[in-house]
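Working notes, beginning with the structure itself.
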Amino acid sequence: MAFELLTPDSCAVALIDYQPQMFFGTASHERTTILHNVQAIAKAAKLFKVPTILSTVAAKTFSGDMVPEVQSVFPEYTPIDRTSMNSWEDSNFRKAIEANRPQEDRGRRTVDGGLCLVPDDPDDQRRL
């Protein structure tokens with residue numbers, strides 16, 4: 001299989017669970033740094049017209065709304081609110097992902113990806 005660059009037609013960005021309650025267990029990075037980084041990713045996705053899916057878990061009962069740093073970039077989007085911690089178990093989330101896959105790619109392969117925040121210091125062993 002030949003190497004292909006990602007384009008807005010061949011990928012999507014899913015911003016999942018960027019909610020106030022989800023930051024309580026995060027000690028490896030400064031909360032502000034995480035918020036600035038995800039806002040930069042959201043702005044880049046919008047600038048390059050990459051399909052973007054926003055998703056929250058239990059927004060009204062536990063975790064809170066999507067953080068304003070993300071929601072303000074996509075004010076016209078309503079995040080898909082789930083009851084399961086696993087996004088893939090939510091049929092509405094899966095439908096949104098499927099709707100943003102190229103037609104010729106549907107059913108052929110699934111590409112999973114993630115974002116890893118790497119510390120500036122290579123000796124720093126902290127992880128998210």
Side-chain angles (χ1 to χ4, degrees):
M1 185 165 128
F3 175 76
E4 297 176 24
L5 293 175
L6 294 176
T7 69
D9 295 326
S10 67
C11 68
V13 171
L15 299 175
I16 303 169
D17 299 345
Y18 286 96
Q19 301 165 262
Q21 192 69 21
M22 296 302 167
F23 285 99
F24 285 121
T26 305
S28 62
H29 289 77
E30 185 77 35
R31 179 177 190 237
T32 305
T33 300
I34 296 170
L35 291 172
H36 289 166
N37 288 345
V38 72
Q39 186 177 50
I41 292 166
K43 287 180 176 182
K46 188 165 192 160
L47 176 69
F48 292 107
K49 298 182 171 107
V50 177
T52 304
I53 297 101
L54 306 182
S55 185
T56 54
V57 62
K60 300 300 177 205
T61 59
F62 178 71
S63 300
D65 293 329
M66 179 72 67
V67 292
E69 290 83 355
V70 173
Q71 190 65 64
S72 65
V73 177
F74 300 101
E76 69 279 13
Y77 289 13
T78 301
I80 298 166
D81 194 43
R82 309 177 323 277
T83 56
S84 169
M85 287 299 291
N86 185 340
S87 303
W88 291 112
E89 291 177 357
D90 185 90
S91 62
N92 290 326
F93 179 82
R94 289 184 69 101
K95 285 176 192 171
I97 294 294
E98 287 293 322
N100 286 291
R101 287 176 64 195
Q103 188 66 38
E104 66 277 2
D105 210 27
R106 291 184 188 164
R108 232 176 8 125
R109 67 179 180 184
T110 300
V111 178
D112 293 325
L115 177 66
C116 178
L117 297 177
V118 181
D120 294 332
D121 178 0
D123 295 327
D124 190 341
Q125 298 300 311
R126 296 175 297 165
R127 302 287 183 253
L128 280 180

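Not measured: the values here are computed from a predicted model. All residue numbers in this chain count up from 1 along the given sequence.
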Decide whether Phe23 and Phe62 are clustered together by the hydrophobic rule: side chain heavy atoms of Ile, Leu, Val, Met, Phe, Trp, Tyr closer than 4.5 Å, transitively.
no
With a 4.5 Å cut-off on side-chain heavy-atom distances among I, L, V, M, F, W and Y, is there a chain of contacts connecting Tyr18 to Met22?
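No; tracing contacts between hydrophobic side chains, which count when under 4.5 Å, never links both residues.
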Which atom pair, heavy atoms only, marks the closest approach of [X] to [Y]?
{"X": "Asn92", "Y": "Asp90", "result": "N-OD2, 3.0 Å"}
{"X": "Ile80", "Y": "Ser55", "result": "O-OG, 2.9 Å"}
{"X": "Gln19", "Y": "Gly64", "result": "NE2-O, 2.6 Å"}
{"X": "Phe48", "Y": "Pro8", "result": "O-CG, 3.0 Å"}
{"X": "Ser84", "Y": "Val57", "result": "O-CG2, 3.6 Å"}
{"X": "Val73", "Y": "Lys43", "result": "CG2-CG, 3.8 Å"}

Do Glu69 and Arg31 meet the salt-bridge criterion of a basic N to acidic O distance under 4.0 Å?
no
Atom [atom1] in [X], atom [atom2] in [Y]: separation rounded to 0.5 Å?
{"X": "Ile97", "Y": "Ile53", "atom1": "CD1", "atom2": "CD1", "value": "3.5 Å"}
{"X": "Leu15", "Y": "Gln71", "atom1": "CG", "atom2": "CD", "value": "10.5 Å"}
{"X": "Gln21", "Y": "Thr56", "atom1": "CD", "atom2": "OG1", "value": "13.0 Å"}
{"X": "Ser63", "Y": "Met85", "atom1": "OG", "atom2": "CE", "value": "6.5 Å"}

Pick from Asp17, Ile16, Leu54: which one makes a side-chain contact (heavy atoms from CB on, under 4.5 Å) with Met66?
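Single side-chain contact (heavy atoms from CB on, under 4.5 Å) partner of Met66 among Asp17, Ile16, Leu54: Leu54.
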Hey, does the side chain of Thr52 reach the backbone of Val50 with a donor-acceptor pair shorter than 3.5 angstrom?
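Yes, the answer is positive, given that a donor and an acceptor are paired below the 3.5 Å cut-off.
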I'd like to know whether OH of Tyr77 has more than 12 heavy-atom contacts from other residues, nucleotides or ligands below 6.0 angstrom.
yes
